[in-house]
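First up is the structure itself, then whatever we jot down about it.
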Amino acid sequence: MTSLKSEFLRVLTERRYIHQCTDLEGLDALAAERAPFAAYIGFDATAPSLHVGSLVQIMMLRRLQQAGHKPIVLMGGGTTRIGDPSFRDESRPLLGEARIAENLAGIKRVFAKFLTFGDGPTDAVMVDNDEWLSKLNYIAFLRDYGRHFSVNRMLSQDSVKIRLDREQNLSFLEFNYMILQAYDFVELARNHGVRLQMGGSDQWGNIVQGVELGRRTADIQLYGLTSPLITTASGAKMGKTASGAVWLNADARSPYDYWQFWRNTEDSDVGRFLRLFTELPEAEIARLETLEGAELNDAKKILATEATALAHGRDEAENAAETARKTFEEGAAADTLPKVEVAKDAVAAGINVYELLVKAGMAASNGEARRLIKGKGVKLDDVTVTDEFAKLEALAEGGVKLSAGKKRHALIVES
RNA sequence: GGAGGGGUGGCCGAGCGGUCAAUGGCAGCAGACUGUAAAUCUGCCGACGAAUGUCUACGUUGGUUCGAAUCCAACCCCCUCCA
């Protein structure tokens with residue numbers, strides 16, 4: 001590989017963000033120019049927040065902005081109404097307009113943490129493809145753009161081929177997804193000066209279609225860049241855990257939980273995640289990833305704090321780290337643990353421990369809570385609860401620490 | 001429109017009149033071992049109840065039967081092939 005001239009691509013390469021690029025040299029030359037250029041990544045609006053699965057993409061936009069260029073967040077308000085069939089076994093449910101609007105608002109709040117929005121030349125902008133897609137005229141669109149797409153070509157695309165090979169239905173609606181995505185690219189190139197589209201590796205086919213459409217219909221040289229699919233070392237997709245998706249919104253997953261998610265990273269993922277999800281200097285990461293055994297836990301803590309700082313702010317991250325330190329290393333009940341309030345007289349009357357577990361969200365039902373106790377999974381102030389009908393009858397001054405397993409803790413306090 | 005196949009718990013997938021709250025796998029939770037890791041082993045894994053138990057659940061609605069996830073009918077949805 002030739003040495004890269006642009007800061008943007010140098011950083012992306014060093015941090016292992018790049019999987020494929022349509023024209024690395026061309027893009028490098030563009031990124032090395034002094035004038036900012038715009039690049040975009042599309043996100044769909046199927047949920048009210050984004051989760052860790054999209055974090056690589058978000059970080060790429062952040063890096064772009066840091067390198068002095070303009071990130072554009074394309075919200076798929078229009079395409080969400082179709083559903084991307086890429087590598088999906090089944091059609092996605094179609095969402096109503098109200099839900100989509102709601103989702104867009106939630107997602108906007110996530111991005112505000114990672115990017116600087118505004119009107120300046122390198123300020124981030126959020127656009128919704130519904131703006132132009134809903135105005136399309138079918139006949140005109142077919143005539144102007146439809147003729148540039150080869151069905152033969154589209155059928156040979158992996159994402160489509162998989163569906164066909166498995167003899168699963170692929171509706172025409174979904175088949176159009178890639179056409180619209182390609183059109184988005186050209187539309188953004190014309191009206192927002194976009195030259196580059198980035199995305200996950202599963203978007204490669206769609207992105208390439210857009211690059212070609214740009215050349216054919218607008219005579220613009222566009223670029224595409226994809227990031228590798230991020231899985232954990234044991235092969236699981238990023239962002240799914242016990243309690244569901246790891247959301248980036250604080251109201252969907254608390255900063256403390258978010259910190260815990262990163263803290264529990266597998267050993268062999270630490271270096272890779274530090275590069276992708278934190279902004280620590282490369283030299284520091286190189287040092288951290290050589291740690292072994294129990295010492296590697298220090299690296300995980302740094303990973304957790306740095307990653308949490310990006311999504312929730314430095315203060316929240318430090319708090320989460322401190323709460324975890326007290327809870328796990330001192331065994332103390334940090335007063336910043338999630339709190340469960342119980343009425344005074346309820347305690348005096350004696351309250352079942354299993355009820356507390358349900359209240360704390362550590363068990364979904366009384367039965368589950370009792371099973372948990374039977375399985376020796378519950379502790380009160382670090383003492384294993386042995387009787388499934390044990391009651392809590394008094395509260396210590398600072399409350400009582402309730403633990404389900406080794407990792408989930410809450411503080412029971414009087415209300 | 002015609003012919004065939006199918007819809008079972010978070011997912012995959014058995015069951016095909018009673019012994020079915022439904023085999024098995026995955027995912028998940030807990031315990032042991034550790035380092036809040038991985039791997040491994042053990043237990044749990046519909047709701048309510050202290051419990052014999054009660055309730056809800058095998059696409060929907062009816063029916064047959066002492067008894068239905070299992071049989072019948074209609075309907076809805078999905079898939080394949082033909083038109």
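The chains referred to below are lettered A, B, ... by the order of the sequence lines, with proteins before strands, and numbering in each begins at 1.
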(message) My understanding is that a pair needs two contacts under 3.5 Å, Watson-Crick or G-U wobble. By that rule, which nucleotide pairs with B/U40?
(response) B/A32
(message) Working note: A/Lys108 + A/Met126, criterion side-chain contact (heavy atoms from CB on, under 4.5 Å); need CA distance, chi angles, decisive distance, verdict.
(response) CA-CA 8 Å; A/Lys108 219 168 249 179; A/Met126 185 177 256; 3.1 Å; yes
(request) Scan A/Lys374 against the nucleic acid and name what it touches under 4.0 Å (heavy atoms): base, sugar-phosphate only, or nothing. (result) nothing
(message) Looking at B/A50, which nucleotide sits across from it as a Watson-Crick or G-U wobble partner, both distances under 3.5 angstrom, or is there none?
(response) none
(request) Answer with base, sugar-phosphate or nothing: what part of the nucleic acid does A/Arg263 contact at a heavy-atom distance below 4.0 Å? (result) base
(message) Nearest to the A/Tyr354 side chain among B/A50, B/A30, B/G35, which nucleotide is it?
(response) B/A50
(request) Take atom CD of A/Gln260 and atom P of B/U36, then tell me their distance rounded to the nearest Å. (result) 11 Å
(request) Taking only Lys NZ, Arg NE, NH1 and NH2, and the carboxylate oxygens of Asp or Glu, determine whether A/Glu295 and A/Lys300 approach each other closer than 4.0 Å. (result) no
(message) Applying a 4.0 Å non-hydrogen cut-off, can you work out what A/Gly405 is touching in the nucleic acid: base, sugar-phosphate, or nothing?
(response) sugar-phosphate
(request) Any strand is fair game: report the nucleotide pairing with B/A74 by Watson-Crick or G-U wobble, both distances under 3.5 Å, or none. (result) B/U60
(request) Please determine, for the side chain of A/Ser365, which listed nucleotide (B/A51, B/A47, B/G35) has the closest atom? (result) B/A47
(message) Using a heavy-atom cut-off of 4.0 Å across all strands, would you classify A/Arg408 as base, sugar-phosphate, or nothing?
(response) sugar-phosphate
(message) By the 4.0 Å heavy-atom rule, please label A/Glu329 as base, sugar-phosphate, or nothing.
(response) nothing
(request) Take atom P in B/A27 and the same atom in B/C16, then report the distance between them in whole Å. (result) 28 Å
(request) May I ask you to check whether A/Trp262 and A/Thr308 show a side-chain donor-acceptor distance below 3.5 Å? (result) no
(request) May I ask you to decide whether A/Glu14 forms a salt bridge with A/Arg275, counting only side-chain N to carboxylate O separations under 4.0 Å? (result) no
(message) Using the C1' atom as the point on both nucleotides, what is the distance between B/U52 and B/A57, in whole Å?
(response) 23 Å
(request) Give the rounded distance in Å between these two atoms: NZ of A/Lys407 and C1' of B/A38. (result) 11 Å
(request) For A/Arg370 and B/A50, give me the distance from atom CZ to atom P, rounded to whole Å. (result) 6 Å
(message) Need one value for A/Thr265: base, sugar-phosphate or nothing, where a base atom within 4.0 Å counts as base even if backbone is also close, heavy atoms only.
(response) sugar-phosphate
(request) Specify the separation, in whole Å, of atom NZ of A/Lys406 and atom P of B/A38. (result) 10 Å
